[in-house]
Amino acid sequence: MLAEESQPVGHFGEDPLALATFYRLMLGTRWNTISEAANKMAKLGLNASANRIQQALALSEFPREVLDLFKGVGMVNRTARELIRMRNEQGMEQIVARAIAIDRAGKSSRKSWRSSAA
């Protein structure tokens with residue numbers, strides 16, 4: 001159950017994947033649009049602008065190969081923006097290929113995530 005309108009319920013605005021989950025959970029019951037959600041979340045004390053919600057929803061659609069890299073360490077809004085920028089510039093196929101190449105033991109592949117897809 002949500003807290004009263006005047007009480008903050010957490011930091012969904014700081015975790016884009018949690019924000020996307022929260023948005024979808026309440027869609028159709030507490031709000032019907034992203035703009036309405038942003039307004040109601042603001043009343044709850046959450047830092048979740050309409051733009052941030054849109055970014056969170058876009059990020060939540062990324063393939064598991066990419067999102068699984070952030071399990072256990074979490075994700076912040078800056079990382080979400082960077083991943084979306086990379087998707088727009090390089091394409092999802094390139095992002096997934098690079099995600100697969102990352103050593104799960106914590107060592108990155110030889111190619112930098114930021115290098116161009118030449």
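What you are looking at is a predicted structure, and each value in this text was computed from that prediction instead of being measured. This chain uses plain numbering: 1 for the first residue, then up along the sequence.
No path of Ile, Leu, Val, Met, Phe, Trp and Tyr side chains, each step under 4.5 Å between heavy atoms, connects M41 with V76, placing them in separate hydrophobic clusters.
A donor-acceptor pair under 3.5 Å is absent between the side-chain atoms of T79 and the main chain of M75, judged by distance alone.
The shortest distance between side-chain heavy atoms of M26 and K40 does not fall below 4.5 Å. With a 4.5 Å cut-off on side-chain heavy atoms, R52 and P16 do not count as touching. A 4.5 Å side-chain heavy-atom check between R87 and I84 finds at least one atom pair inside the cut-off.
Of all heavy-atom pairs spanning E65 and A99, the tightest one is O-CB, 3.5 Å. Taking each heavy atom of T29 and L25 in turn, the nearest pair found is OG1-O, 4.2 Å. For the residue pair N32 and G28, the shortest heavy atom distance occurs at OD1-CA, 3.4 Å. In this structure, A20 and A56 approach most closely via the heavy-atom pair CB-O, 3.5 Å.
The CG atom of L59 sits 6.0 Å away from the CG atom of L83 when rounded to the nearest 0.5 Å. Between the CG atom in L19 and the CG atom in D15 there is a gap of 8.0 Å [rounded to 0.5 Å]. Taking CZ from F22 and CG from L44, the interatomic distance works out to 6.0 Å, rounded to the nearest 0.5 Å. Atoms CZ and CG, from R64 and L69 in turn, are 11.0 Å apart once rounded to the nearest 0.5 Å.
Each of L46, N51, N47, I53 was checked for a side-chain contact (heavy atoms from CB on, under 4.5 Å) with S49, and the lone residue meeting it is N51.
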- Audit row: R98, Q90, side chain to side chain contact (heavy atoms under 4.5 Å, CB included) steps and yes/no: CA-CA 11 Å; R98 290 179 179 200; Q90 301 173 15; 3.6 Å; yes
- Query: Under the side chain to side chain contact (heavy atoms under 4.5 Å, CB included) criterion, do I100 and V96 qualify, and how do the steps go?
  - Reply: CA-CA 6 Å; I100 291 169; V96 171; 3.8 Å; yes
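Between R85 and E89 a salt bridge is recorded (basic side-chain N to carboxylate O distance below 4.0 Å). Under a 4.0 Å N-O distance rule, the pair R24/E61 qualifies as a salt bridge.
Ring orientation note: the planes of W31 and Y23 are close to parallel, at an angle under 30° on the 30°/60° scale.
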